[in-house]
Amino acid sequence: MSASRERLLAQARRGVAHYRAGTQDLVDEVYEEPAASYVDPDRWALEMERVFRRLPLVIGAASELEEPGSYLAMDMLDTPVVAMRGDDGQLRAFVNTCSHRGAVVVSAGPGSARRHPCPYHGWTYNSRGELVGVPDAADVGELDRSCLGLTPLPCVERAGLVWVHLRPDPVIDIDTFLCGYGEMLEYLGLGDCRVVGRQPIDGPNWKVAYDGYLDFYHLPVLHRATFGPDMSTRAVYDWWGPHQRLTAPDRGYAGLADKAEEEWEDRELTGGVWTIFPHVSIAAFDAHGKVYMVSQLFPGPTPDRSRTIQLFLHTRGPEPGQEEAVAGRMAFNLHVVRDEDYATGLRIQQALRTGAKQVVVFGRNEGGGQRFHQFLDRLVDTDDADLPAMFKDAAGG
Ligand code: FES
């Protein structure tokens, strides 16, 4: 049996045991996080530099960038980025800025094109990012076009997702960063899914938002008007370095409790919420097949703001006539996250700014949030040279 399936089984066994006992994972202590860490501009700047600018970030789904000429452009933090599949089949990413006078070349969104003319004066790049056209070239003068392509950024595919480093000189490779989690994410089959939509949501400080993806404690209360009444507060956690998966003992494992372990199928073992540090959460829903919501959380231009792209992937298509169910799921998730989670988060942000509270509290039942903040504290204190070793240690522990 593969180590990854054994890992899924181990979490399922713990989940079934918790289901039978009516218990959940608890950590040893209550944890207090300084409230200032959500509002302090210096801390936020450090996080941008030491977290978001030196770790790989998910730009989108690999299935959307399969064909030669396919591309995806979006702002990642304040950097305009474009990923594209070259006519040679290679996936590349670039800073999406023209070598002439800096205009953003490719408009935001997915698409397909072999040539990308800059909207300002028409300098044109091919799908390898090379400068291949300069209008009125004789009047512009002599140029070394070989030095005037788009500026490359490191770009890599794993588990059906595409990651980009915002620094041209990455200090950590994707596999060290993933701590073995990439192999687990493969079980979701995202590489075989089709992108069926994306929708943005503005929210609070990125950590206020991310905390919400790491606990089930709030589900029956905050979401009492939507799906909360069907949920329990209990969670089972597994983690690979800073990447964590949460499952619910009651909903996730009730169906396994009466079956022999040999009958547990992969699809029954892969539920719950899969987070990818520092900015992604993946959850699955039924809608004529399975719909995955990949939430890409990016800090905004200031410490008190963030923007999340909800990217939806469908396992089958869906079939003609079934789009309505997918659209309904997207509308529901938009409502829940925007009007319940992030509306609450924006009020938290406002309240934390008052300074009335010195700390926020994570209970023993909120181990996910505790691990997130404790890892983050170590990460911002770790120099570039020590970063790979830090992740290797975390993977082993
Ligand atoms: Fe792009 Fe001038 S800025 S062609």
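Order of listing sets the numbers, starting from 1, for every ligand and every atom in it. Hydrogens, waters and symmetry mates play no part in the numbers below; they use all other heavy atoms, side chains included. Sequential numbering from 1 along the given sequence is applied to the chain's residues. Computed from a prediction, not measured in an experiment: that's the story for all the values here.
For ligand 1, the atoms sitting less than 4.0 Å from at least one non-hydrogen atom of Ala103 are 3 (S), numbered in the order shown with element in parentheses. Proximity to Tyr120 (heavy-atom distance under 4.0 Å) selects the following atoms of ligand 1: 2 (Fe), 3 (S). For ligand 1, the atoms sitting less than 4.0 Å from at least one non-hydrogen atom of Gly122 are 4 (S), numbered in the order shown with element in parentheses. Contact atoms of ligand 1 toward Trp123: 4 (S) (distance under 4.0 Å to a heavy atom of the residue).
Checked against the 6.0 Å centroid criterion, the rings of His279 and Phe298 qualify as a close aromatic pair.
A salt bridge (Lys or Arg N to Asp or Glu O under 4.0 Å) with Arg50 is found for exactly one of Asp381, Asp383, Asp377, Asp386, namely Asp383.
With hydrogens and angles left out, the side-chain atoms of Arg198 and Gln310 include no donor and acceptor closer than 3.5 Å.
Nearest protein heavy-atom contact of atom 3 (S) of ligand 1 is Arg101 N, 3.3 Å.
To the nearest 10 degrees, the angle centred on atom 1 (Fe) of ligand 1 between SG in Cys98 and SG in Cys118 reads 110°. Here atom 2 (Fe) of ligand 1 is the vertex; the ND1 atom in His121 and the ND1 atom in His100 give an angle of 90° (to 10°).
The same ILVMFWY cluster, assembled from side-chain heavy atoms under 4.5 Å apart, contains both Leu313 and Phe332.
Using cut-offs of 30° and 60° for the angle between ring planes, the Phe391 and His243 rings count as tilted.
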Check your understanding: His373 and Asp211: side-chain hydrogen bond (donor to acceptor under 3.5 Å, both in side chains), yes or no, with the steps?
Key -> CA-CA 9 Å; His373 287 281; Asp211 286 344; 2.8 Å; yes
